[in-house]
2 protein chains.
Amino acid sequence: MTTPMLTKNQSLVFDVLTKAEAPLSAYTILDKLRDQGFRAPLQVYRALDKLLEYGVVHRLESINSFVACAHPNEDCHSHGLVAFAICESCGQVIEFHDHEVDHRLTDWLKSQKFKAEKSTIEIRGHCANCAA
Amino acid sequence: MTTPMLTKNQSLVFDVLTKAEAPLSAYTILDKLRDQGFRAPLQVYRALDKLLEYGVVHRLESINSFVACAHPNEDCHSHGLVAFAICESCGQVIEFHDHEVDHRLTDWLKSQKFKAEKSTIEIRGHCANCAA
DNA sequence: GCAATTGATGTAATAACATAACATATCCGT
DNA sequence: ACGGATATGTTATGTTATTACATCAATTGC
Ligand SMILES: [Zn+2]
Ligand SMILES: [Zn+2]
Ligand SMILES: [Zn+2]
Ligand SMILES: [Zn+2]
């Protein structure tokens, strides 16, 4: 899918996420945008819904947070699973793809006749810097 | 880890999960246990914490719910990742392990010097029965 | 036995995350 | 201009999870 022009609110939310060094919760985004006129959670959630739909933002289920896609110009998203390594110390997220894992899971799902629609692979732990 | 004797509250919560045909939210569990004297969310969350620690229950991050382990007597949990296929129609959950996926992810994490502590692999979609 | 510690429980209040419902406004094709 | 679709604003509410503090019960060390 080619990403359509972003609306005002979508741009504001996307900018905040792009500049952030770690995933942000919807309410953190809301707080960062109060000066730009944001007043209610829905303004954030609605923008996020679209950004997720366009694939330029990912939701990290295990920490109820959102992060800008690290590979915005690759087409991996369209044909592969995305995985995240999330550092619980510094918040840094490494987004990666692995076709081997992808194929393996896809095969298993097929063997079960399970029709996959959305997948989540998240590893929490400590990054190289924080593992010390 | 060998599972210690469960306390009264832990047993009640575990029984509810074991009898359930789909994952349950903490508040759903609470409602099911009101007749047994449960009055507050914390009674459920505290029991769940222990059951998760013992590995007899899993938390499904993507749907904020809990499910009894489907392989209580296997030792896969101690040396491998667990994955879940979750049907969004009937709620059925298939829990599975795949050493190939496991090794592949582990290798990648090692290459990044990322110290993994907790992992989540959840596929949402439709099971064979519901895909129709 | 008995204080001290530890683990489990009870209860109330609050925090954090997410959506429903309804009203306006803006954009766009005709 | 009109009508439909999309985006936005606002209030209220629903859902999930934790903090704080009190009480109770079992265990340990003396
Ligand atoms: Zn991405
Ligand atoms: Zn780190
Ligand atoms: Zn299990
Ligand atoms: Zn199903």
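All values below come from the heavy atoms of this structure, side chains included, with hydrogens, waters and symmetry mates left out. Protein chains get the first letters and strands the later ones, always in sequence-line order, with residue 1 at the start of each. Owing to the predicted nature of the structure, the values given are computational and were not obtained by experimental measurement.
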Worksheet item: Is any side-chain nitrogen or oxygen of K50(B) closer than 4.0 Å to OP1 or OP2 of dA8(C)?
Response: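 Affirmative; the distance criterion is met.
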Worksheet item: Hey, is the side chain of N64(B) poking within less than 4.0 Å of OP1 or OP2 on dT15(D), counting only N and O atoms?
Response: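 Looking at the OP1 and OP2 atoms of dT15(D), neither is under 4.0 Å from any side-chain N or O of N64(B).
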Discussion item. Using the rule side-chain contact (heavy atoms from CB on, under 4.5 Å), only one of V13(A), V67(A), V16(A) pairs with L24(A); which is it?
Written reply: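 Output: one option passes, namely V16(A).
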Just the rounded figure in Å: distance from [atom2] of [N] to [atom1] of [X].
| X | N | atom1 | atom2 | result |
| --- | --- | --- | --- | --- |
| Q10(B) | dA8(C) | CD | P | 6 Å |
| D49(B) | dA17(D) | CG | C1' | 10 Å |
| M5(A) | dC27(C) | CE | P | 13 Å |
| N9(B) | dG7(C) | CG | P | 17 Å |
| L6(B) | dG7(C) | CG | P | 17 Å |

Worksheet item: When you look at CD of E21(B), are more than 12 heavy atoms from neighbouring residues, nucleotides or ligands closer to it than 6.0 Å?
Response: no
Worksheet item: With ring centroids as reference points, do H58(B) and F84(B) lie under 6.0 angstrom apart?
Response: yes
Worksheet item: Would a 4.5 Å heavy-atom cut-off, applied to side chains only, mark Y54(A) and Q10(A) as touching?
Response: yes
Worksheet entry | Heavy-atom check, side chain of L60(A) versus side chain of T120(A), under 4.5 Å |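 When only atoms from C-beta onward are counted, T120(A) and L60(A) do not touch, as no gap falls below 4.5 Å.
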Worksheet item: By a strict heavy-atom criterion of less than 4.0 Å, which residues belonging to residues 20-46 of chain A are in contact with DNA chain C?
Response: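 Residues of residues 20-46 of chain A under 4.0 Å from DNA chain C: S25(A), Y27(A), L42(A), Y45(A).
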Worksheet entry | Presence of salt bridge, R124(B) and E61(A), under 4.0 angstrom |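 R124(B) and E61(A): salt-bridged.
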